[in-house]
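Below is one structure; the comments refer to it alone.
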Amino acid sequence: MVTQEHFSDQFQPIRSQISQRSLSAVLPALSSALGTPCPTAVHGDPHACQTALAMPSVRSAIVIVVDGLGFHNLQLRIGHAPHLRSMIANQTQLSHHPASILTCYPSTTAAALSVFGTGTCPGLTGMLGYTQLNPKTRKISQMIQFRGAIPPTQLQRQPTVFEKLTQQSVRVTSIGLSEFAQSPLTAAALRGTDYRNVDDPNERVRLAAELSSQPGLTYLYFRAVDKAGHHAGWESDEWATALEQVDSLIGYVTLHSAPGTLIVITADHGMVDIDLNEQIDTASNDALSEGVWKIGGEPRALMLYAHRGATAEDVDQIAQRYRSVVHERAHVLTKQEALDANLFGPVDQRVKPMIGDVIVMACGRVTIVNSNAQTEGARHMPGVHGSHTEMERRIPLIMDVVD
Ligand SMILES: [Zn+2]
C-alpha cells in the first residue's frame with residue numbers, strides 16, 4: 001500500500017509562491033477566464049495564469065475550496081470520491097497538465113486562504129501562519145479568529161481578486177456558513193463578495209447551481225474534510241466519510257449547474273498523520289528553549305522569535321541548536337535564509353518583523369510542540385499540516401465545464 005512516506009520531504013528553495021501553477025494563480029486565472037483580468041502584486045499577467053493552468057474561457061464559474069484536501073490525500077483514497085475521480089480522469093485526458101498545483105508555505109488555512117483570495121503571497125498579505133507575532137503588542141496572535149491580532153484590514157492590505165472583480169461589475173457570490181460572513185478571516189482574505197448565509201451544505205450547492213445561469217463567479221468552501229483530518233487523521237474512516245460527503249456535493253454541482261459553467265476544485269493545504277513517538281517537546285530539552293523568546297506557527301511549521309536585541313550570531317546559534325537536535329526530522333532556516341529561499345514570496349518591509357527569526361519545518365510524521373504551553377488535545381491531534389512537504393503542499397486543481 002502507498003502511504004504518505006512515499007512522498008518526498010526534500011526541501012528545495014521555493015519558486016512556487018509566485019509560480020503560475022500555484023494557489024495564488026487560481027483567482028487571477030479565473031478573472032481572465034471570465035473576461036475581466038485582475039492583475040495582482042504577484043501575478044501581473046492573469047492571461048498567462050489562465051494559460052498555465054489550462055483554464056477555458058467561460059461566462060460563469062464556481063470555485064470550490066475543500067479545506068485540508070491535499071492532492072495526495074485525495075489520490076490515496078480516491079475510491080471514496082467517484083465524482084472527483086472521473087473529473088480527474090477526464091481532465092488528464094484533455095490536457096497534459098496534472099490535476100494538481102502547490103499551495104504556499106506555510107501550508108495552513110490562514111496563510112493559504114489569503115494567498116488564494118488576494119492572488120499574492122504570505123510575505124505581502126502578512127498572514128504568515130496559524131499563529132504569529134503581533135509586533136505592536138509583542139504577543140503571539142492567532143490568525144483564524146484573529147485573537148490578539150492586528151485587525152484584518154489593517155494587517156492584510158492587499159486587495160482581494162473578489163474586490164477587483166466586483167469593481168468591474170462582475171457578480172461575485174460567496175455561499176457559506178453564517179458564522180463566517182463577518183469573520184475576521186473572511187474580512188482579511190476573502191472580502192468583496194456578495195455573501196449568502198447558507199448553513200446547510202446541500203442548500204449551498206443547490207444555490208450555487210442555480211446562480212450559475214447568471215454570468216460571474218461563485219465561491220464555495222467546505223471544511224468537513226479538514227475537521228475530520230484534525231480529529232481522526234486523514235487515514236481514518238471518519239476522513240473517508242467526510243470525503244464521500246464532499247464528493248457527492250461536488251457531484252451535485254457538476255450535474256445541476258448551467259451548461260457552460262466552469263467548475264474549479266482546489267484546497268488550501270493537504271495533511272499528514274502524526275506519530276507521537278516522533279514528537280519533539282521543546283519544553284523537555286534546554287537546547288530548544290535557549291535564546292528563544294516566543295514560539296509561533298504550529299507544530300509542523302514553527303516560527304522561533306529570539307529575545308529582543310538578539311544579534312545575527314545569536315539567531316544562528318538558535319538555529320544550530322535546533323539542527324543538532326532535530327537532524328533530518330525537520331529543516332531549520334534562519335529568517336535571512338528563509339527570505340533568500342523566497343519561502344514567503346516577496347516580503348513587505350512591514351511584514352518582516354512578524355516573521356520568526358528561525359523557521360522550523362517538520363518532515364515525515366514529526367511534530368514539534370511545547371508541553372508547557374499547549375494542551376494535550378493540541379499536541380495529540382492525529383492529522384496536521386503546515387510544513388513544506390509534498391503531502392501538505394500539493395493540492396488539487398480539478399476543472400470541468402458542465403455540458
Ligand atoms: Zn485548512
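In each ligand, atom 1 is the first atom listed, and ligand 1 is the first ligand listed.
- Checked against the 6.0 Å centroid threshold, H72 and H6 do not count as a close aromatic pair.
- Taking the centre of each ring, F162 and Y195 stay at or above the 6.0 Å mark.
- Geometry about the Zn ion (ligand 1) gives an angle of 110° between NE2 of H269 and OG1 of T109, rounded in steps of 10 degrees.
- The angle that D67 OD1 and D268 OD2 make at the Zn ion (ligand 1), rounded to 10°, works out to 90°.
- D247 places no side-chain N or O within donor-acceptor distance of the main-chain N or O of E244, the cut-off being under 3.5 Å.
- Counting backbone and side-chain atoms alike, T108 contributes no N/O/S atom closer than 2.8 Å to the Zn ion (ligand 1).
- Other residues, nucleotides and ligands place no more than 12 heavy atoms under 6.0 Å from the NE2 atom of H231.
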